[in-house]
Amino acid sequence: MASTRSRVTLLYKNLLYLGRDYPKGYNYFRTRLKTAFVKNKDVSGSTEIEMLLARGQYIIKELEALYMLKKYRKLKKRYSSQQ
């Protein structure tokens, strides 16, 4: 099992990667992500860190769902007008 620090770093990198396609832009997403991580930098309890990591994983799933919905709407719009 990876250390907590490496898991947090991996979560940050994954969120940055997913933020490339964010509707409001990458810079908006990156600044919001950085402030969220800086706000929680003083958390030291292992249970609190695990809770925040679980919340980060939930946000990843929500972003993936947002992108899939965006893709679905675009495809539906493209192919429904040709009927």
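- A salt bridge is defined here as a Lys NZ or Arg NE, NH1 or NH2 lying under 4.0 Å from an Asp or Glu carboxylate O, and E62 with R55 fails to meet this definition.
- By the criterion of side-chain heavy atoms lying less than 4.5 angstrom apart, applied directly or through intervening Ile, Leu, Val, Met, Phe, Trp or Tyr residues, V43 is grouped together with L33 in one hydrophobic cluster.
- Contacts classified as ring-ring contact (aromatic ring centres under 6.0 Å, His included) and involving residues 32-76 (residues at least two apart or in different chains) are given here: Y12-F37.
- Atom-to-atom distance recorded for M51:CE and I49:CD1 is 10.5 Å, nearest 0.5 angstrom.
- Of the inter-residue distances, the one linking R7 atom CZ with N14 atom CG reads 12.5 Å to the nearest 0.5 angstrom.
- The distance from atom NZ of K76 to atom CG of L69, rounded to the nearest 0.5 Å, is 10.0 Å.
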Given the rule in the side-chain contact (heavy atoms from CB on, under 4.5 Å) test, do Q57 and I60 qualify, once you have shown the distances and angles that lead to the verdict?
CA-CA 5 Å; Q57 292 299 324; I60 285 176; 4.1 Å; yes
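- Rounded to the nearest 0.5 Å, atoms CG (L15) and CZ (R32) are 13.0 Å apart.
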S6 and T9: side chain to side chain donor-acceptor pair (under 3.5 Å), yes or no, with the steps?
CA-CA 5 Å; S6 63; T9 306; over 6 Å; no
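- Counting heavy atoms from C-beta outward, I59 and L63 have side chains that approach closer than 4.5 Å.
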Could you go through residues 18-27 and list every donor-acceptor pair under 3.5 Å that involves a side-chain atom there, pairing it with any protein atom two or more places apart or in another chain?
{"unit_1": "R20", "atom_1": "NE", "unit_2": "Y17", "atom_2": "O", "d": "3.2"}
{"unit_1": "R20", "atom_1": "NH2", "unit_2": "Y17", "atom_2": "OH", "d": "3.1"}
{"unit_1": "N27", "atom_1": "OD1", "unit_2": "R30", "atom_2": "NH2", "d": "3.1"}

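- Distance check: L16 CG to K13 NZ gives 9.5 Å after rounding to the nearest 0.5 Å.
- E64 contributes atom CD, which lies 7.0 Å from atom NZ of K61 (distance to the nearest 0.5 angstrom).
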